[in-house]
Amino acid sequence: MNEQDYIERLKTENKLLQDKLDKINKGKQKKKRFRWWLLKKSSTPIFGSRLKKSISSAINEYKEYKTVSVDTASDVSSSIIWRITRIGLFAFMVAIIPAAVLIFQTTLLMSQNKFIQKQNNLVEADRRSSLVFVMSDVLSDFNEELKYKGSGGRNISKTLEARIIALCMAMKPYKFQEDGELIENPISPERGQLLSILLQSDLGSESSQDILNSADFNYTDLRKVNLGRGVNLKYARLDYSDLTQAQMPAANLERSELKEAQMSKINLSDANLKRARLNNANLERAEILSANLTNANLYGANLSGADLSEATLWGTKLENANLTNAILDNAIVDRQDWMDHIDAIGVEGADDIEDRYRVKKQGKQQFIIVPKK
């Protein structure tokens, strides 16, 4: 190979190397332009056009004057604060939307559960009400046994007593719709119907007492029922029952159980409530005139606005009871310091009673409450 050919060969190789180098440089410039384009495009949503412009102005001003004016620096600072606020608001919105969706789903689920529970209660109510047909058969036999009995011996057979007691136990309390809404607490209207019939049928005292001693009449619905005068409910179990506005003058409720019973506006005038358990019962604005409450338990009972005129409160337990605006004219008590006593045991309205009444001695161990003149 001569010298000329060697030179040509070197020129060719040099050209190939130069082409490769140019190609590499073009690739680098292309990547650099792409990165710059990407940075430029992404900077606007990240920094915002306002912040971007203010920073660009500050850079240009520094290049030209080698310093940045106070106004330009203030503009950059305000733009940064504004942008941070916007990003914070955006982050808040991003966080609050899933939370709002979760709350909506929870509310929807609770509403659905409430609807299912309501449906279950209505099904239960329908099942319970079917016991009315069983009650009809029992009462048919009940009437048949009493048909030929005189007023002196109206007792029924032990077999029928047992059937009535079993029927009462089967009549469980439940929730049902009233005025388009599901009632708050379960109750048994069927027990109320059964008890009303028994009390007004002039049933013999022996059978009546056997049934009341054994049957479970808790949660009985006796609202606005007129049971007449002198009904016998001695030893009756009526806890959590509703006797609102019931008419029961001179009723015998001795040793009856009426825990947390609803008895507002009930008429219990002249009633016998000796040793009755009325813990936390609601007797608001009840008529209890001349009633005998000897040794009755009224712990936590609400007697606000109740008329207890001439009632016997001998040994009555009134701890934490509410006697606000109660009428106590001529009520009989067992101690001279009755006013101090009710204040000491936490009776609500004790101060008001002391302002309106005084204790007057009447007899050896008897005291009455009379209004102050």
Side-chain angles (χ1 to χ4, degrees), residues 128 131-173 187-243 245-259 261 263 266-278 288 290-296 312:
R128 298 293 184 194
L131 290 171
V132 173
F133 298 104
V134 179
M135 183 172 68
S136 178
D137 293 338
V138 172
L139 293 179
S140 178
D141 295 340
F142 178 78
N143 292 330
E144 191 66 27
E145 284 199 18
L146 292 179
K147 185 185 295 183
Y148 303 106
K149 293 182 181 288
S151 58
R154 294 178 60 81
N155 294 307
I156 57 176
S157 64
K158 296 297 181 181
T159 302
L160 187 53
E161 285 181 12
R163 289 177 62 192
I164 292 172
I165 293 167
L167 176 62
C168 183
M169 293 177 66
M171 292 174 168
K172 302 292 185 182
I187 202 165
S188 176
E190 292 75 33
R191 283 182 180 176
Q193 295 171 21
L194 178 62
L195 184 58
S196 296
I197 292 170
L198 293 174
L199 293 175
Q200 298 181 61
S201 64
D202 194 22
L203 182 63
S205 59
E206 183 181 341
S207 292
S208 177
Q209 204 58 63
D210 287 344
I211 293 171
L212 291 174
N213 288 346
S214 303
D216 181 3
F217 285 103
N218 294 329
Y219 298 95
T220 296
D221 186 0
L222 288 169
R223 289 173 290 176
K224 299 181 180 180
V225 172
N226 188 350
L227 296 175
R229 189 174 182 84
V231 293
N232 179 26
L233 283 165
K234 187 176 181 180
Y235 297 108
R237 290 183 284 173
L238 291 162
D239 290 340
Y240 311 104
S241 295
D242 194 339
L243 294 94
Q245 297 185 43
Q247 299 297 312
M248 302 168 61
N252 182 6
L253 286 159
E254 184 178 354
R255 295 180 181 271
S256 59
E257 298 179 12
L258 289 155
K259 179 181 178 182
M263 304 170 72
I266 191 173
N267 183 0
L268 286 171
S269 301
D270 301 309
N272 178 6
L273 289 159
K274 290 181 180 180
R275 298 186 181 277
R277 298 178 183 176
L278 293 146
I288 322 177
S290 303
N292 190 342
L293 289 155
T294 301
N295 294 319
T312 302

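Remember, it's a predicted structure, so these values are computed and weren't measured experimentally.
Taking 4.5 Å as the limit, some side-chain heavy atom of L253 sits within range of a side-chain heavy atom of L268. Side-chain contact between K274 and N295 is absent, with no heavy atoms from C-beta onward closer than 4.5 Å. Inter-residue side-chain proximity for L203 and N155 is flagged as unmet; no heavy-atom pair is nearer than 4.5 Å. Proximity of R277 to K259: side-chain heavy atoms (C-beta onward) are nowhere separated by under 4.5 Å. Contact annotation: the side chain of M135 approaches that of L194 to within less than 4.5 Å [non-hydrogen atoms, C-beta and beyond]. Contact check for I165 versus D210: no side-chain heavy atoms found under the 4.5 Å cut-off.
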With side-chain contact (heavy atoms from CB on, under 4.5 Å) as the test, would you mind laying out the steps for S207 and I156 before giving the verdict? CA-CA 6 Å; S207 292; I156 57 176; 3.6 Å; yes
Go through it in stages, so that I can follow the logic: the residues are R229 and D270, the test is salt bridge (charged side-chain N to carboxylate O under 4.0 Å, His left out), and I'd like the CA-CA distance, side-chain angles, deciding distance and then a yes or no. CA-CA 10 Å; R229 189 174 182 84; D270 301 309; 3.3 Å; yes
Take S256 and K234, measure what side-chain contact (heavy atoms from CB on, under 4.5 Å) needs, and give me the verdict at the end. CA-CA 6 Å; S256 59; K234 187 176 181 180; over 6 Å; no
Could you give me the CA-CA distance, side-chain angles and deciding distance for I288 and N267, then say whether side-chain contact (heavy atoms from CB on, under 4.5 Å) is met? CA-CA 7 Å; I288 322 177; N267 183 0; over 6 Å; no
Go through L212 and L233 one step at a time and tell me if the side-chain contact (heavy atoms from CB on, under 4.5 Å) criterion holds. CA-CA 7 Å; L212 291 174; L233 283 165; 4.1 Å; yes
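Here the side chain of D202 pairs no donor or acceptor atom with the backbone of G204 at under 3.5 angstrom. Formation of a donor-acceptor pair under 3.5 Å by the N252 side chain with backbone atoms of E254 is found in this model. Not one N or O on the side chain of S140 forms a donor-acceptor pair closer than 3.5 Å with the backbone of S136. Under the 3.5 Å distance criterion, the side-chain polar atoms of R191 are matched with a main-chain donor or acceptor of N218. Panel note: side chain D221, backbone R223; a donor-acceptor pair is recorded below 3.5 Å. Side-chain atoms of Q247 never come within 3.5 Å of backbone atoms of K224 as a donor-acceptor pair (strictly under, hydrogens ignored). Between the side chain of S188 and the main chain of M171, a donor-acceptor pair closer than 3.5 Å is present. Using modelled atom types, one side-chain atom of E145 and one backbone atom of S157 make a donor-acceptor pair closer than 3.5 Å.
Here D216 does not pair with R237 in a salt bridge; the nearest charged N to carboxylate O distance is not below 4.0 Å. Using a cut-off of 4.0 Å between Lys/Arg side-chain N and Asp/Glu carboxylate O, D141 and R163 are scored as salt-bridged.
When all heavy atoms of S196 and L227 are compared, the pair lying nearest together is OG-CD2, 3.9 Å. Shown here for A291 and L273, the closest heavy-atom pair between the two residues is CB-CD1, 4.4 Å. The shortest heavy-atom contact between Y219 and I187 is O-CG1, 3.1 Å. Between L243 and M248 the shortest heavy-atom distance is CD2-SD, 3.6 Å. Smallest separation of non-hydrogen atoms from Y235 and N213: CB-OD1, 3.3 Å.
Note that the OG1 atom of T220 and the CD atom of Q193 stand 11.0 Å from one another [nearest 0.5 Å]. Going from atom CD of Q245 over to atom CG of D242 covers 10.0 Å, rounded to the nearest 0.5 Å. Distance check, rounded to the nearest 0.5 Å: CG of L198 to OG of S201 gives 5.5 Å. The CG atom of L258 sits 7.0 Å away from the OG atom of S241 when rounded to the nearest 0.5 Å. Taking NZ of K158 as the start and CD of E206 as the end, the distance is 4.5 Å to the nearest 0.5 Å. Here the straight-line distance linking atom OG of S214 with atom CE of M169 works out to 9.5 Å at 0.5 Å rounding.
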